[in-house]
Amino acid sequence: MSKFIQAVYHDQVIGDYTGNAFIEALPPIFSKEEVIERLSHYPFFDPMEREMEGHHRFHLIQRLFNVYQVFPQTLDLENRISRLIRQGYVGRNPMTPEFAKGFTKGYEEIQQKNHNWVNDSIPRSMTIIGPSGMGKSTTLSRILNTYPQTIVHSGYKGKPFSFTQLVYVQLNCPHDSSVKGLVNQFFITVDNLIGTNYFEKFGRSNKLSVNTLMPIMNQVIRGHSIGFISIDEIQNLSLKGMGAKLMLNFFVGLTNQLSIPICLIGTPSAMAVLQREFRQARRGSGQGDMVFNRMEKDSYWRLFIESIWNYQWVRKPVELKEEYIDILYDESQGILDIAVKLFALSQIRAISTGREELSPKLISQVANENLKLVQPMLKALRKGDIHEIAKYEDIYFPFDSAVEKERIVLEKNSFIKATKAMNKTVSTEQLQEEAIFRLNLLGLSKEKASKAVKDVLKDSKVQDVNDLAKQAYQYSLELTKEIKEEVDEESKSDLRKIVKEGKEQGLSAYQSLKKAGIIETLEGVV
């Protein structure tokens, strides 16, 4: 369920909105500066994160998709939504007798299964059209999120008033253009938001026809004073059959009967359906159609690239230059979603290959390898070929599969590197053991053999056991010779003294040296 917000009533500047609990419980009308502040989003970034391991940085790069840059059309859409919601509530003031009469009328419609709602009321709807990846749905959702979705009223300015208000509901058009599917989706969404059981009570039953369900949905909208409904993926409506016609009539009926604003969102292919009937096209223009075209390579494009450019998790970040602005535009043709994914995937490629640095060549290479499915459309956009562009209703960039491919490359390289290091350690240990064993056979003690092998390996990278044993044995002989020479050198200064003292005792030189233990020491060295 959504978070329930207790109603707080705000004084209204506009007289038409005064005295209406549903409008006064909404946030104040935002200025342009407040909209920019509330909608813009630049996630946290710490340059020290660049020192993390590659598989960790793959996760950090996902933050790029949370960056949101406000554009003029964002401000325009926010202003339209603000007007639509409030104007939709003007005729539904809960403090007036007409509000209560509406419930009685709705009950009669349910009994009569009446869904012929067409009249000449003021249209309060709009359409948003644009190719996938231009941020239509994201922008609308961010705007709607500036409003509390569920408001609880517990008395209004000293008057008894208990009501749960749903400010907005977001739906998707079913793939089969089924009105019943849309109504059931509506029931499920409302149930999830406020904990009701409309779907269990009405939606699950196969006995209830579309003609019965439509006025029930109408009554639910009244019962919770829903202020705004958005229906995305409207291109799912087909020109074939009666599904699209019935659905469009249904939308018209909602706006006429309840004055509830409806926003239809879709790709350019939806235009054929929406313009088929003049009535729907007219009502869809209540606040004017909005077209989210791809961006031009102008100051707004630069602003967008600047907003994401600091989010570089490669260890050698590069400064933003014109060549990067140009290559990202050329490879994405101003489609924001493709540009962000291309920027993210280029970083992932730089990390997985160990380059750790972006370049125009790398970005172009990543685009050629991962945008194969949309290259025909991008080519048509570059040429400005209207006939070719018209063939492509949507854009699909398999970003997740591309990231998975790069993740496998990173893991493969890391695995090979770690395995080589491990194998090197194991083979060195085996090499030492084999060389020590051979030196033992040559008569060296384990201690002397081990010391000789380790000392040899310190100074050279011997890989062959025969060479190691040979060098270690030679090293041991030289070490023994050095020890003998050291013993001889140390003994020379004492021999004269020992012989002299022996003569004073009547001993020969040999007897004196043997008595002092020198003879045995020398024999042991030899």
*Asks:* Taking atom types as modelled and ignoring hydrogens, do the side chains of S364 and E331 form a donor-acceptor contact shorter than 3.5 angstrom?
*Replies:*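 The criterion, which ignores hydrogens and geometry beyond distance, is satisfied for E331 and S364.
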*Asks:* What's the separation between atom CG in L328 and atom CD in E323, rounded to the nearest 0.5 Å?
*Replies:*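 Here the interatomic distance stands at 10.5 Å.
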*Asks:* Parallel, tilted or perpendicular for F161 and H153, by the 30°/60° rule?
*Replies:*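 Taking H153 first and then F161, their aromatic rings sit tilted (interplane angle of 30° to 60°).
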*Asks:* Got T127 and M290 here, is their nearest side-chain heavy-atom distance under 4.5 Å?
*Replies:*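 Result no, sub-4.5 Å side-chain heavy-atom pair not found.
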*Asks:* Does any part of the side chain of N20, heavy atoms only, come nearer than 4.5 Å to the side chain of R86, both counted from C-beta?
*Replies:*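 Result no, sub-4.5 Å side-chain heavy-atom pair not found.
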*Asks:* Would T138 and R142 count as having a side-chain donor-acceptor pair, cut-off 3.5 Å?
*Replies:*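 Per modelled atom types, T138 and R142 side chains form no pair under 3.5 Å.
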*Asks:* What do the steps show when you test F71 against M295 for side chain to side chain contact (heavy atoms under 4.5 Å, CB included), and what is the final call?
*Replies:* CA-CA 11 Å; F71 296 109; M295 296 192 71; 3.7 Å; yes
*Asks:* What I want to check is whether the side chains of Q6 and S154 have a donor and an acceptor closer together than 3.5 Å.
*Replies:*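 Per modelled atom types, Q6 and S154 side chains form a pair under 3.5 Å.
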*Asks:* If every non-hydrogen atom of S346 is compared with every non-hydrogen atom of L362, which pair is closest and at what distance?
*Replies:*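 The pair with the smallest heavy-atom distance is O-CD2, 3.6 Å.
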*Asks:* To the nearest 0.5 Å, how far apart are NE2 in H224 and OG1 in T150?
*Replies:*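 Answer for the NE2-OG1 pair, H224 versus T150, is 10.0 Å.
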*Asks:* When you check the side-chain N and O atoms of Y89 and Q165, is any donor under 3.5 Å from an acceptor?
*Replies:*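 A pair is found: one side chain offers a donor N or O, the other an acceptor, under 3.5 Å apart.
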*Asks:* Kindly say whether C173 contributes a backbone atom to a donor-acceptor pair with the side chain of N236 at under 3.5 angstrom?
*Replies:*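 Checking the backbone N and O of C173 against the side chain of N236, a donor-acceptor pair under 3.5 Å is found.
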*Asks:* If we only count heavy atoms from C-beta on, is the F186 to V220 side-chain gap below 4.5 Å?
*Replies:*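 Side-chain contact under 4.5 Å: yes.
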*Asks:* If you round to the nearest 0.5 Å, how far is CZ of F343 from CZ of F65?
*Replies:*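 Reported to 0.5 Å precision, the distance equals 10.5 Å.
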*Asks:* Got V314 and R50 here, is their nearest side-chain heavy-atom distance under 4.5 Å?
*Replies:*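 Sidechains of R50 and V314: no contact.
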*Asks:* Using only atom types and a distance under 3.5 Å, with no angle test, would you say the side chain of Y168 pairs donor to acceptor with the backbone of I85?
*Replies:*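 No; judged by distance alone, with no hydrogens or angles, the pair does not exist.
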*Asks:* Nearest 0.5 Å please: distance from the CZ atom of R204 over to the CG atom of N197.
*Replies:*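 The CZ atom of R204 sits 11.0 Å away from the CG atom of N197.
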*Asks:* Would the distance check show the side chain of E34 and the main-chain N or O of S31 forming a donor-acceptor pair, the cut-off being under 3.5 Å?
*Replies:*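 Yes; at least one donor-acceptor contact below 3.5 Å.
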*Asks:* Hey, is the main chain of R294 close enough, under 3.5 Å, to the side chain of Q333 for a donor-acceptor pair?
*Replies:*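 Looks like no, no N/O pair under 3.5 Å.
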*Asks:* Looking at NZ of K180 and CG of N184, how far apart are the two atoms once the value is rounded to the nearest 0.5 Å?
*Replies:*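 If we round to the nearest 0.5 Å, K180:NZ and N184:CG are 6.5 Å apart.
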*Asks:* If you count heavy atoms of other groups shown closer than 6.0 angstrom to CD of Q365, is the number above 12?
*Replies:*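 More than 12 within 6.0 Å, yes.
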*Asks:* Quick check: do T164 and F4 have side-chain heavy atoms less than 4.5 Å from each other?
*Replies:*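 Sidechains of F4 and T164: in contact.
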*Asks:* Do other residues, nucleotides or ligands put more than 12 heavy atoms under 6.0 Å from the CG atom of D46?
*Replies:*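 Counting other residues, nucleotides and ligands, CG of D46 exceeds 12 neighbours.
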*Asks:* Any luck finding a side-chain donor-acceptor pair between N93 and Y17 under 3.5 Å?
*Replies:*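 N93 vs Y17: no donor-acceptor pair found between side chains.
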*Asks:* Please indicate whether Y147 has more than 12 foreign heavy atoms, meaning atoms of other residues, nucleotides or ligands, lying under 6.0 Å from its OH.
*Replies:*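 Yes, because the 6.0 Å sphere around OH of Y147 holds more than 12 heavy atoms from other groups.
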*Asks:* At their closest point, which heavy atom of Q170 faces which heavy atom of S141, and how far apart are they?
*Replies:*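 For Q170 and S141, the tightest heavy-atom pair comes out as NE2-OG, 3.0 Å.
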*Asks:* Just by distance, do the side chain of N79 and the backbone of L75 share a donor-acceptor pair under 3.5 Å?
*Replies:*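 Between the backbone of L75 and the side chain of N79 there is no qualifying donor-acceptor contact (under 3.5 Å).
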*Asks:* Using side-chain heavy atoms (C-beta onward) and a distance below 4.5 Å, is I81 in contact with M126?
*Replies:*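 Touching, per the 4.5 Å side-chain cut-off.
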*Asks:* Should the pair W301 and Y329 be assigned to parallel (<30°), tilted (30 to 60°) or perpendicular (>60°) ring geometry?
*Replies:*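 W301 vs Y329 ring planes: perpendicular.
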*Asks:* Look at the side chain of D191 and the backbone N and O of Y198, then say whether any donor-acceptor pair between them is shorter than 3.5 Å.
*Replies:*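 It does hold such a pair.
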*Asks:* Take I231 and I262 through the side chain to side chain contact (heavy atoms under 4.5 Å, CB included) test and state the conclusion after the steps.
*Replies:* CA-CA 7 Å; I231 304 173; I262 292 180; 4.2 Å; yes
*Asks:* Does NZ in K157 sit with more than 12 non-hydrogen atoms of other residues, nucleotides or ligands closer than 6.0 Å?
*Replies:*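 Counting neighbours around NZ of K157, more than 12 heavy atoms of other residues, nucleotides or ligands fall under 6.0 Å, so yes.
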*Asks:* Counting N and O atoms only, with roles assigned by atom type, does the side chain of K136 sit under 3.5 Å from a partner on the main chain of G130, one being a donor and the other an acceptor?
*Replies:*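 It does hold such a pair.
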*Asks:* Please step through side chain to side chain contact (heavy atoms under 4.5 Å, CB included) for the pair F304 and V340, ending with a clear verdict.
*Replies:* CA-CA 10 Å; F304 169 68; V340 174; 3.4 Å; yes
*Asks:* Would the distance check show the side chain of S352 and the main-chain N or O of R349 forming a donor-acceptor pair, the cut-off being under 3.5 Å?
*Replies:*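 Yes: the side chain of S352 pairs with the backbone of R349.
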*Asks:* For a side-chain contact (heavy atoms from CB on, under 4.5 Å) with I234, tell me which candidate from L264, I265, I128 qualifies.
*Replies:*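 Option passing the side-chain contact (heavy atoms from CB on, under 4.5 Å) with I234: L264.
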*Asks:* How close do P148 and I5 get, heavy atom to heavy atom, and via which atoms?
*Replies:*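 Shortest heavy-atom separation between P148 and I5 comes out as CB-CG1, 3.8 Å.
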*Asks:* With a 4.5 Å limit on heavy-atom distance, are the side chains of E24 and H10 in contact?
*Replies:*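 The answer is no, as the side chains (C-beta and beyond) never meet within the 4.5 Å cut-off.
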*Asks:* Tell me if the centroids of the rings in Y68 and Y42 come within less than 6.0 Å of each other.
*Replies:*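 Ring centres of Y42 and Y68 not closer than 6.0 Å.
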*Asks:* Between the side chains of R38 and E78, is the shortest nitrogen-to-carboxylate-oxygen separation below 4.0 Å, so that they form an ion pair?
*Replies:*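 Salt bridge between E78 and R38, a charged N being under 4.0 Å from a carboxylate O: no.
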*Asks:* Taking atom NE2 as the centre, does H175 end up with more than 12 heavy-atom neighbours from other residues, nucleotides or ligands that are less than 6.0 angstrom away?
*Replies:*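 Open: at most 12 neighbouring heavy atoms sit under 6.0 Å from NE2 of H175.
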*Asks:* Can you check side chain to side chain contact (heavy atoms under 4.5 Å, CB included) on I36 and K32, steps first, answer last?
*Replies:* CA-CA 6 Å; I36 294 174; K32 179 175 66 176; 4.3 Å; yes
*Asks:* Please check if the distance between the ring centroids of Y9 and Y156 is under 6.0 Å.
*Replies:*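 Ring centroids of Y9 and Y156 are less than 6.0 Å from each other.
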*Asks:* Would you call E49 and R63 a salt bridge, using N to O less than 4.0 angstrom?
*Replies:*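 A salt bridge links E49 with R63.
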*Asks:* Which pair of non-hydrogen atoms, one from E306 and one from L320, has the smallest distance, and what is that distance?
*Replies:*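 For E306 and L320, the tightest heavy-atom pair comes out as CG-CD2, 3.7 Å.
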*Asks:* Is the ring pair F45/W313 parallel, tilted or perpendicular, if the boundaries are 30 and 60 degrees?
*Replies:*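 Ring orientation of F45 relative to W313: perpendicular.
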*Asks:* Does the side chain of I308 reach to within under 4.5 Å of the side chain of L64, using non-hydrogen atoms?
*Replies:*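 Of all side-chain heavy-atom pairs linking L64 with I308, at least one is under 4.5 Å.
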*Asks:* Strictly below 4.0 Å, N to O, side chains only: are D326 and K297 in salt-bridge contact?
*Replies:*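 Yes, D326 and K297 are salt-bridged.
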*Asks:* Which atom pair, heavy atoms only, marks the closest approach of G223 to F163?
*Replies:*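 So the two residues come closest at O-CZ, 3.0 Å.
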*Asks:* Once you round to the nearest 0.5 Å, how far does CD of Q347 lie from CG of L342?
*Replies:*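 Separation between the atoms: 10.5 Å.
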*Asks:* Looking at P261 and G227, what are the two nearest heavy atoms and their distance?
*Replies:*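 Result for this residue pair: CD-O, 3.1 Å.
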